Amino acid sequence: MMSHSKKVSAFSVFKGRKDSVSSLDSRASIRKAASSQSIREDVKKALDGKGKKLMKVLKGGSLRSSLRNTPKSRPTILPDPKKEDTVQLTGVRSTSDLTDDQGSERDRGKPLSTPVIPKQISAVRPTRNQNIPPSGKRSPHVSPGKQSPQPSPPEKRSPGNRSSTDSVTPLAEAGNKPKTNKNKKTPSPRVSDGGSRQAGKNKRSENEGDSKPAKKKKRENSEVQMQDCSTEEMEHAVSFEDESTSSSQLPYMFNSGDEARKIFECLIHPVKPDKFFRELWERKPLLVQRHMALYNDGWFSTAELDKILREENVQFSTNLDVTTFTNGQRETHNPVGRAYPSVVWDFYQNGCSVRLLNPQTYSRNVWKLLSVLQEYFNCCVGANVYLTPPGTQGFAPHYDDIEAFILQLEGRKHWKLYSPRTDNEVLPRFSSGNFTEKDLGKPILDTVLDPGDLLYFPRGTIHQGNCLEDTHSLHITVSCYQKNTWGDLFEKMVPRALQMAIDEDVEFRRGLPREYSSYMGIANSDMDGSPRNLFLKKVEQLMVRLIQHLPVDSACDQMAKSFINDSLPPVLSDAEKSYSVHGSGEHWDKEKMCVTGNAELEPDTTIKIIRKGILRLLTEEDEVRIYHSLENTRLYHEIEPTFIQISAEVAPAVEYLIHSYPKYVTVESLPLPSIDQRIDVASMLYEKGLLITGEQLLPLDED
């Protein structure tokens, strides 16, 4: 048995009162994801470009699944070393120069690249030759009611070898497009993990008592060779420190935080995240014109909307709106009841825009996109889908209370953006009402989005868009950072601090001066005298003392708890299910007519949390609780927050797992006094679905 030093934990001095596991009953509620709308105006046609399918990163599975054996070449916008017709990016439009200062001259003549996606991979599959099919996607905002059956993901199409160009130009220099330079080849690194790592097993010491030996199949040494992907991608694929598990044995998503980062890089490509958050985030809009019609292909489609209407119980007002904006008036035309396809398409044919409020409920692709991005932003990420008939507009000019990322999927749409009218409308906490043309000034951006393009704008940006006469428009708006501000944190923190100050500091319990009302108040605000000055000084002193009582960590825990409740559950691949309680363990064997597959965690079993942001450990109501999103539904707030109550003594083990992610650790390495406690807490978390093992557990009835 491994020796352990006593772990210092924030929970070591906390005494839990109960050890039972509890949860709350469910309650359905809905929140609609705010998004952008549209206005009518003819504009000149944008340049037509050839498309190339790109976003198979999540659409066909994931970054990890793409590292498995596949006879097909993976789509990428990286230059193909075997071909001359590589992708070239020509510009991004934003309100500032998006080229890094130090690298502007260096990159000016080179084609920009997107997050890497490997084209060819040769790998040895995990034990039992288990197939690892790609997983889908999900999104958070949903409607209440009975959960709809999950649709099958769309059929995969073989990626083509098409070349295209991207447009990237600063808004401040509108009309001055950079010159197109010849593409340069990007080298295709070939990386090997240097052979497999021997998985060593630790044995439980004799003084810990008898236990069943771990029974796992031996794994052959394997070598993973990867072609046509960057060094950064290779590091993501094979870089891990746990010596007990080789890369070929791992489920596809080794690090969900890293996966989330790569997806966001794809979302805003070719703009770098550091540049984006330093110069644009919450400040200025960003327009990326890629001239790649299939760049956003696969997230959603009009055909998928039609399928959803036919197969799912979509309700007007709850899940779907039909709207118009004519003669300066916005109208909603929702009937009562289910949105049958023939009724919806009749509205569409008569010039109504269709808004699907919770696409993540029905679309696995959208579900996965949002569930991955929420790990990147650490807040709720939602979406709406907008379908607009040719030559119409569905929504009045307005601003929203969310950061908006508009992905143009089909057709074309004309957009106008306007700066906030006053300082009070900068980064608002609530969305506006409808504006009229006289309320608006000169637009800061007037453009047309083509399929594959991206438009980002901060909350408070007034926007309107209309569909062109010759085509319909379909776009999805991804939204985040609703009520995720310093002000929201202080709303949770200050009332609690004040209560603590009153309880613990006698100065907050002393009485007010007897005659304070004669020199304080609005009517006395112009007075200048000693009593008033002394009163204000006393207020200042107490405010300074109040700061000492601010429960910053506790308030942050409450913000994180809200995020957990808002979150979508993760989309698990078949491989991840086979390495966790979601797909392994006891099952009914119809041939043997009995239950088989019994498996147990052993001291040398390697484990880790199944997703980086899936749980939060905190103290609440004199208890230690683990809040998690695993049992959330694809409907927003359909159930109450779910938590597991644990004793304070085992909290350090949960802390250890949180801080160790994404590395695998052995059960016996958990910082608890006895091996039985370590197995018990690991088994409890495993049976709740929160842990994944480094190797598939071998059933105890199989030698």
Side-chain angles (χ1 to χ4, degrees), residues 8-20 22 24 27 29 378-380 401 424 427-430 481-566 615-627 637 640-649 651-652 654-655:
V8 178
S9 167
F11 297 88
S12 61
V13 296
F14 182 85
K15 301 298 180 183
R17 296 181 178 178
K18 301 178 183 178
D19 295 324
S20 60
S22 60
L24 300 177
R27 182 188 65 184
S29 62
N378 282 294
C379 71
C380 180
D401 59 346
N424 292 335
L427 302 180
R429 298 188 66 209
F430 303 98
Y481 262 68
Q482 185 179 55
K483 296 183 179 179
N484 194 49
T485 66
W486 285 102
D488 294 290
L489 175 64
F490 271 73
E491 277 190 343
K492 296 180 179 295
M493 188 163 52
V494 173
R496 179 57 181 156
L498 182 58
Q499 187 60 52
M500 294 172 61
I502 293 173
D503 293 341
E504 301 173 6
D505 193 336
V506 67
E507 290 301 317
F508 286 87
R509 301 195 297 271
R510 297 193 185 279
L512 292 170
R514 288 182 297 104
E515 298 180 352
Y516 80 95
S517 61
S518 63
Y519 50 81
M520 298 304 299
I522 298 297
N524 304 313
S525 59
D526 293 332
M527 294 179 59
D528 186 13
S530 178
R532 181 177 176 84
N533 293 337
L534 289 175
F535 189 95
L536 294 175
K537 185 176 181 180
K538 181 65 174 180
V539 170
E540 182 179 354
Q541 292 172 349
L542 291 177
M543 289 300 297
V544 173
R545 296 171 76 103
L546 181 65
I547 294 175
Q548 302 173 7
H549 298 276
L550 289 174
V552 180
D553 287 320
S554 178
C556 289
D557 276 339
Q558 290 302 310
M559 291 286 289
K561 170 188 168 182
S562 297
F563 162 51
I564 292 293
N565 187 33
D566 295 343
L615 59 83
R616 186 75 179 189
L617 182 67
L618 53 84
T619 60
E620 192 174 57
E621 299 180 7
D622 295 332
E623 298 174 348
V624 180
R625 296 176 175 178
I626 303 172
Y627 283 90
H637 285 188
E640 293 286 348
T642 303
F643 66 88
I644 304 168
Q645 181 184 323
I646 62 174
S647 65
E649 287 75 14
V654 182
E655 271 188 330

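Note that this is a predicted model, so its numbers are computed, not measured. Sequence positions, counted from 1, serve as the residue numbers for this chain.
When every heavy atom of A501 is checked against every heavy atom of L546, the shortest pair comes out as CB-CD1, 3.9 Å. Taking both residues in full, the closest heavy atoms of N565 and H637 are given as ND2-NE2, 3.4 Å, listed atom of the first, atom of the second, then distance. Of all non-hydrogen atoms in V624 and A651, the two that sit nearest each other are CG1-CB, 4.1 Å.
With a 4.5 Å cut-off on side-chain heavy atoms, T619 and D557 do not count as touching.
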*Let me see the working for L542 and D505 under side-chain contact (heavy atoms from CB on, under 4.5 Å), right down to the final yes or no.*
CA-CA 10 Å; L542 291 177; D505 193 336; 6.0 Å; no

*Give the intermediate values and the outcome of side-chain contact (heavy atoms from CB on, under 4.5 Å) for residues N533 and D528.*
CA-CA 7 Å; N533 293 337; D528 186 13; 3.5 Å; yes

_With side-chain contact (heavy atoms from CB on, under 4.5 Å) as the criterion, how do E620 and Y627 come out once you've worked through the C-alpha distance, each side chain's angles and the decisive distance to 0.1 Å?_
CA-CA 11 Å; E620 192 174 57; Y627 283 90; 2.2 Å; yes

*Walk me through it: do K561 and F643 pass the test side-chain contact (heavy atoms from CB on, under 4.5 Å)?*
CA-CA 10 Å; K561 170 188 168 182; F643 66 88; over 6 Å; no

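Taking Q541 as the reference, nothing meets the side chain to side chain donor-acceptor pair (under 3.5 Å) condition, with sequence neighbours excluded. V544 pairs by the side chain to side chain contact (heavy atoms under 4.5 Å, CB included) definition with nothing, not counting sequence neighbours. Partners of R532 under the side chain to side chain donor-acceptor pair (under 3.5 Å) rule, at least two apart in sequence or in another chain, do not exist in this structure. Listed by chain and residue number, W486, M493, A555, C556, M559 satisfy the side chain to side chain contact (heavy atoms under 4.5 Å, CB included) test with L489 (two or more places apart in sequence, or in another chain). Judged as a salt bridge (charged side-chain N to carboxylate O under 4.0 Å, His left out), and not counting sequence neighbours, K492 has no contacts.
Checked for salt-bridge contact, K483 and E491 miss the test: no charged N lies under 4.0 Å from a carboxylate O. The existence of a salt bridge linking K538 and E507 is confirmed by a sub-4.0 Å separation between a basic side-chain nitrogen and an acidic carboxylate oxygen.
To the nearest 0.5 angstrom, I646 atom CD1 is 5.5 Å from L617 atom CG. Atom CD of Q482 and atom CZ of F430 lie 9.5 Å apart (nearest 0.5 Å). Rounding to the nearest 0.5 Å gives a distance of 7.5 Å between CG of D503 and CZ of R509. Atom CZ of R545 and atom CD1 of I547 lie 12.5 Å apart (nearest 0.5 Å). Between the CG atom in L536 and the CE atom in M520 there is a gap of 4.5 Å [rounded to 0.5 Å].
Residue pairs meeting the side chain to side chain donor-acceptor pair (under 3.5 Å) criterion with at least one partner in residues 512-524, sequence neighbours excluded, are absent.
Using modelled atom types and a 3.5 Å distance limit, the side chains of D488 and T485 yield a donor-acceptor pair.
For D553, the CG atom counts as loosely surrounded, since its 6.0 Å shell holds 12 or fewer non-hydrogen atoms of other residues, nucleotides or ligands.
Remark: side-chain polar atoms of R625 are not paired, donor with acceptor, to backbone N or O of T642 under 3.5 angstrom.
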